[in-house]
There are 2 protein chains.
Amino acid sequence: MVENDKQTEEKIFESATAVFIDKGMDGARMQDIADHAGINKSLLHYYYRTKERLFNAVFEKIAGQLFRRFAPVLDEKLSLEEKIRFFFREHITFLQKNPGLPSFFLNEINRNPAMIKKFIRHIDINKLWTTLEAQHKEELKKYNITRETVPQFMTSIAAMSVFPFAGRVLIASIMEKMGYDFDDYIEKRKEYAADFVISAIKK
Amino acid sequence: MVENDKQTEEKIFESATAVFIDKGMDGARMQDIADHAGINKSLLHYYYRTKERLFNAVFEKIAGQLFRRFAPVLDEKLSLEEKIRFFFREHITFLQKNPGLPSFFLNEINRNPAMIKKFIRHIDINKLWTTLEAQHKEELKKYNITRETVPQFMTSIAAMSVFPFAGRVLIASIMEKMGYDFDDYIEKRKEYAADFVISAIKK
DNA sequence: GTCTATAGAAGGATAGAC
DNA sequence: GTCTATCCTTCTATAGAC
């Protein structure tokens, strides 16, 4: 039955996503995924042939999700400052719903750098920069964001939203020990990060 | 021979460190470590009994290295701004020599949160905050760094120096594609990050 | 202390029945 | 399409000779 096929294949994919994010490629067991999906181990091979193919399917989906999030901000008709606010609000909200993605993604990339080529096409930073420059020539000049400093600027933005999630287990532990609430910290970070970055470039 | 014991045990430890950082706990093979050390696989068990014990030894050393780096800045007789500059210079220089540590550390923590308890004693942030408050009461007030916002502030500092290394394979790839040099970017980041943070809190 | 040989377990993958 | 049974490889760990 086609209906059942779809259900099973999707269930496998979702279970694989959960298990791979939790354990990583090396730590994940096909048995774990089968158990999570409530099906037999050999069905995984029936639908995806090998562990590697299953992993690649999951990884590509996640990579796409992560990077498609960076582009839409450019389409908005907003000032540069408003775009910074918009980005942090959207991106951190997305990560709140998917807190395990940054750590999973960065780690798998480090373990297997060859995988970058598969999705680096999703990212055309030269185009992103050209667009940004066309939209905000005056503001960029005012803030001293040039072709020289744009990597510093962009990675600082990414760092401000991604790092709290990449290190969330550690950060949450330390905060708990000190009487802070991690979820509250994240919620407030949407505004804090925007203020922080805007102040930083205003000088 | 005691001389030989020490040499072999150290060689194993160093090889294990290299392999674990590269492959992670789950991806590392005892055979890889033995090959790297140029010795027989069973010698690993002779000195460390199990893979887990060997890993724990490596992990604890690395965790110590990473966190002891945060404290000395407090001993210096410097203004808050100078301390921020001092920290980025020292910490990024350390990470230049050990670029794989952040990714390895954060990932293993996420995979096995229970490990945090083993070294969270290295970190007494309440004491750190009390010291900082005593040393820079006026400046902290001026910059609006309070007990409320200190987690935001501290994680932003950490993010600015750690994130470029945690995501270095990805960042370096994108930069190479765009004609930037990663090492140059990192070298310049020591100053950029300090300027960025100081401007951010000055408002 | 270091090696060879191998036990014992686990995991990925396949064959074949239904 | 889904299951049971099982193969084959890989990996950790140990036994035992030197």
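Each chain gets a letter, A, B and so on, in the order the sequences are listed, and its residues count up from 1.
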Look at the side chain of A/Lys41 against the base of C/dG12 and say whether a donor-acceptor pair falls under 3.5 Å; ignore hydrogens and angles.
yes
So, does B/His45 get its side chain near the phosphate of D/dA13, meaning an N or O under 4.0 Å from OP1 or OP2?
yes
Using a cut-off of 4.0 Å on non-hydrogen atoms, how would the nucleic acid contact of A/Ala34 be classed: base, sugar-phosphate, or nothing?
nothing
Would you confirm whether the ring centroid of A/Phe59 sits within less than 6.0 angstrom of the ring centroid of A/Phe105?
yes
Kindly check if the number of other-residue, nucleotide or ligand heavy atoms within 6.0 Å of NZ (A/Lys127) is above 12?
no
Below 3.5 Å, can you tabulate the donor-acceptor pairs from side chains in residues 191-199 of chain B to any protein atom, sequence neighbours excluded?
{"residue": "B/Asp195", "atom": "OD1", "partner": "B/Arg85", "partner atom": "NH1", "Å": "2.9"}
{"residue": "B/Asp195", "atom": "OD1", "partner": "B/Arg85", "partner atom": "NH2", "Å": "3.0"}
{"residue": "B/Ser199", "atom": "OG", "partner": "B/Asp195", "partner atom": "O", "Å": "2.9"}

Nearest-neighbour nucleotide for the B/Asn40 side chain, D/dA13, C/dA13, C/dC3 considered
C/dC3
Which label fits B/Phe182 and B/Phe165: parallel for a plane angle under 30°, tilted from 30 to 60°, or perpendicular past 60°?
perpendicular
Among D/dT2, C/dT2, D/dA13, which nucleotide sits nearest the side chain of B/Tyr46?
C/dT2
Kindly point out which of C/dG1, D/dA13, C/dT14 is positioned nearest to the side chain of B/Tyr47?
C/dG1
Short N/O separations, protein against nucleotides 15-17 of chain C, under 3.5 angstrom:
none

For the pair A/His91 and A/Phe87, name the ring-plane relationship: parallel under 30°, tilted 30 to 60°, perpendicular over 60°.
parallel
Taking everything shown except A/Lys190 itself, do over 12 heavy atoms lie less than 6.0 Å from its NZ?
yes
